[in-house]
Amino acid sequence: MSLNSEKIFAGVEHADARSLLYATGHLQENIGRKPLIGVVNTFNEIVPGHFHLRGIADAAKQGVLMAGGVPVEFPAIAICDGITMAHKGMMYPLPSRELIADSIESMTMAHGLDGLVLVVSCDKTVPGAMMAAARMNIPSIVISGGPMPTGYYKNDVSDYSACIETVGKVHAGEMTPEEQEELTQHCCPGCGSCSGMFTANSMNCLAEALGLALPGNGTIPSYYGERLALAKRAGMRVVDLVQKHICPKDILTEQAFENAIRVDMAIAGSTNTTLHLPAIANELGLPLPLKKFDEISKTTPNLCHISPNGHHHMDDLYRAGGIYAVMSELNKAGLLNTDCLTVAGKTIGELLPGHRIKDTTVIHTIDNPYSPQGGLAVLFGNLAPQGCVVKAAAVCEQMMKHTGRARVFYYMEDATQAILRGDIVPGDMVVIKCEGPKGGPGMREMLSPTAAIVGRGLGETVSLLTDGRFSGATRGAAIGHVSPEAMEGGVFAVIEEGDTITVDIPNRSITLNVDDETIQKRIAAWKQPPLKVKSGYLVKYCKTVSSAASGAVTTSYAEGAFDR
């Protein structure tokens, strides 16, 4: 077995490097002889999804030791999207995905590690870690911290999504501040990723479908002993992957991404998956256009309605059989590529037997889906020629086809205040420009205005359109990722107050109802607005980030970049 670390630490020429490892207590008989496994720990003390990850990382390190490897732990950052919601802090979560990937690459390549256990949990840590693994193509495995327990308020289930919707309810007089505070104290009752099918849990589930995580990664609750056992098994597995030289490129094939998108549609995952899966694929030089998501969605039944799409939560999905039960059901219709390899050392097809639905109220059968098509839809039209995305599973029937009057805003905060003041009325379409990857910058999530719409009782009569993105906790007619974004010009940039816009989700179209001559005059007169930031990391990010339609990435694939 040839080890990368052997080239860094073994032999007369590398005595200096060995001396520095000895300074940290490493044994002479291990260095250069056993796999040196990086355990990337995204622990911190402010994000509930990461607060408990010391225990997960310790369990993973035990697994590495049990399998004959040498674990070395190092950190990566993690931002809580929920805490950054509705203020300038939301400019940072999506750009942090690139920092996470780059920092993991830096630590791994600089120190000659042989493999990685990626201990992650919340929104950007999961795709960021998988981007790094794909980029470097060294044996890697994902183990998440697991979903938090479901909250309860007045004998009913509650979660972060319900909490943020209370803002609109208080403003509408439907809830007192005291009731809001009581719900706030009980909706997120413990550590873990928020309990609905929001972005973190969507990506942790899709890590299973991609093959980079073991079965159970996305749904085993954070507080179960089974979660620690899975972390130990992940540590053991990565040593085997190193010994057999099974790398991400062996697992992350075009067919694996198709499986992930298929599962995404079946579980009605977050719209952010349309950013993160293409970003991971980009690291491998694999194109994953938005049209691919829509093509697969049209032929994939929606089998789950997990919050915010329905009443169930992640612990319900776990008890119902988890992601492999969903995959097993999809396979009954021949909708999966079962030959795809996984980090378990087996193919999807070899892992599926024994996994079945245990509760058909949580996971519907293939012949009794919630809908014959998937949970996400990609719309195209004159104001979004590169596409825009909506979680169709969270849209009520009367809003699947509608025409709205544009109410135009350039800042999310201004739109939210207008909704809370009662300035937005039935039939309006809230249009928020310059919130894309460049314009935001950082493509802020619009959960505050969408939650305000629902909280004010307008969820069935008002829609929202933006070049920004949405939290996985969003529900309603929320259409985002408009590409090209307003900072790049085009039709979306020149929508004016009072214009009408027609949305037709079943037919995948979105149209600004203004004649072409008028549109061209507006475009000719358009001037790019100044950046909203003047210094720091976000300025660099603005200058390098791509369109949301291509994953909002800042790096391009270069074949052979990490060949050794």
Side-chain angles (χ1 to χ4, degrees), residues 257-258 261-262 264-265 268-279 281-282 287-300 302 371-395 399-404 406 429-439 443 446 463-470 474 476-495 499-516 518-520 522-523 546-553:
F257 281 101
E258 290 175 356
I261 296 172
R262 188 80 67 184
D264 190 17
M265 299 307 156
S270 165
T271 52
N272 284 313
T273 59
T274 65
L275 290 171
H276 300 323
L277 289 177
N282 173 73
L288 201 63
L290 279 178
K291 285 186 177 180
K292 174 69 77 173
F293 286 82
D294 201 53
E295 289 168 1
I296 293 176
S297 180
K298 288 177 179 178
T299 59
T300 306
N302 175 217
S371 64
Q373 297 189 351
L376 301 183
V378 181
L379 315 182
F380 295 91
N382 65 346
L383 62 74
Q386 296 175 6
C388 56
V389 182
V390 61
K391 185 185 279 193
V395 180
M399 295 300 283
M400 295 296 282
K401 293 183 179 181
H402 69 278
T403 297
M429 177 180 289
V430 178
V431 176
I432 308 179
K433 301 182 185 181
C434 295
E435 289 285 7
K438 292 183 176 69
M443 204 178 179
M446 303 288 119
S463 55
L464 189 146
L465 179 67
T466 181
D467 51 4
R469 60 194 178 93
F470 297 109
T474 295
I479 305 159
H481 302 214
V482 174
S483 299
E485 63 174 291
M487 280 293 283
E488 295 179 338
V491 178
F492 182 70
V494 297
I495 297 173
D499 288 346
T500 63
I501 297 166
T502 298
V503 174
D504 186 341
I505 295 174
N507 291 306
R508 305 300 202 257
S509 70
I510 184 164
T511 306
L512 176 64
N513 300 313
V514 175
D515 64 89
D516 289 342
T518 300
I519 289 174
Q520 292 308 314
R522 291 181 185 178
I523 290 175
S546 73
S547 164
S550 57
V553 297

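Excluded from the calculations below are hydrogen atoms, water molecules and symmetry mates; all remaining heavy atoms, backbone and side chain alike, are included.
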Taking atom [atom1] of [X] and atom [atom2] of [Y], what is their separation to the nearest 0.5 Å?
X    : Y    : atom1 : atom2 : answer
M443 : S547 : CE    : OG    : 8.0 Å
H481 : L379 : NE2   : CG    : 12.0 Å
H276 : L288 : NE2   : CG    : 13.5 Å
L383 : T511 : CG    : OG1   : 7.0 Å
I523 : T518 : CD1   : OG1   : 11.0 Å
I495 : L465 : CD1   : CG    : 5.5 Å

Check whether any side-chain heavy atom of Q373 sits under 4.5 Å from a side-chain heavy atom of M265, and report yes or no. no
E295 vs I261 side-chain heavy atoms within contact, under 4.5 Å: no
Are N513 and T502 linked by a side-chain donor-acceptor pair shorter than 3.5 Å? yes
If you look at every heavy atom in [X] and [Y], which pair is closest and at what distance?
X    : Y    : result
G269 : L376 : O-CD2, 3.4 Å
I505 : M399 : CD1-O, 4.2 Å
P287 : P289 : C-CD, 3.6 Å
M400 : P506 : O-CD, 3.3 Å
I501 : A406 : CD1-CB, 4.3 Å
A552 : L275 : CB-CD2, 4.3 Å

Quick check: does any side chain N or O of [X] sit under 3.5 Å from a backbone N or O of [Y], one acting as donor and the other as acceptor?
X    : Y    : answer
S483 : Q386 : no
D467 : E435 : yes
D504 : S509 : no
S297 : F293 : no

With K433 via side-chain hydrogen bond (donor to acceptor under 3.5 Å, both in side chains) - residues at least two apart: none
Is there a side chain to side chain contact (heavy atoms under 4.5 Å, CB included) between V390 and V503 once you walk through the steps? CA-CA 11 Å; V390 61; V503 174; over 6 Å; no
Should V431 and F492 be marked as a side chain to side chain contact (heavy atoms under 4.5 Å, CB included) after you check the CA-CA gap, both sets of side-chain angles, and the distance that decides it? CA-CA 9 Å; V431 176; F492 182 70; 3.9 Å; yes
Not counting sequence neighbours, list each pair that qualifies as a salt bridge (charged side-chain N to carboxylate O under 4.0 Å, His left out) and has a residue in residues 481-494. K438-E488
Which residues share a salt bridge (charged side-chain N to carboxylate O under 4.0 Å, His left out) with D294, sequence neighbours left out: K298, R508
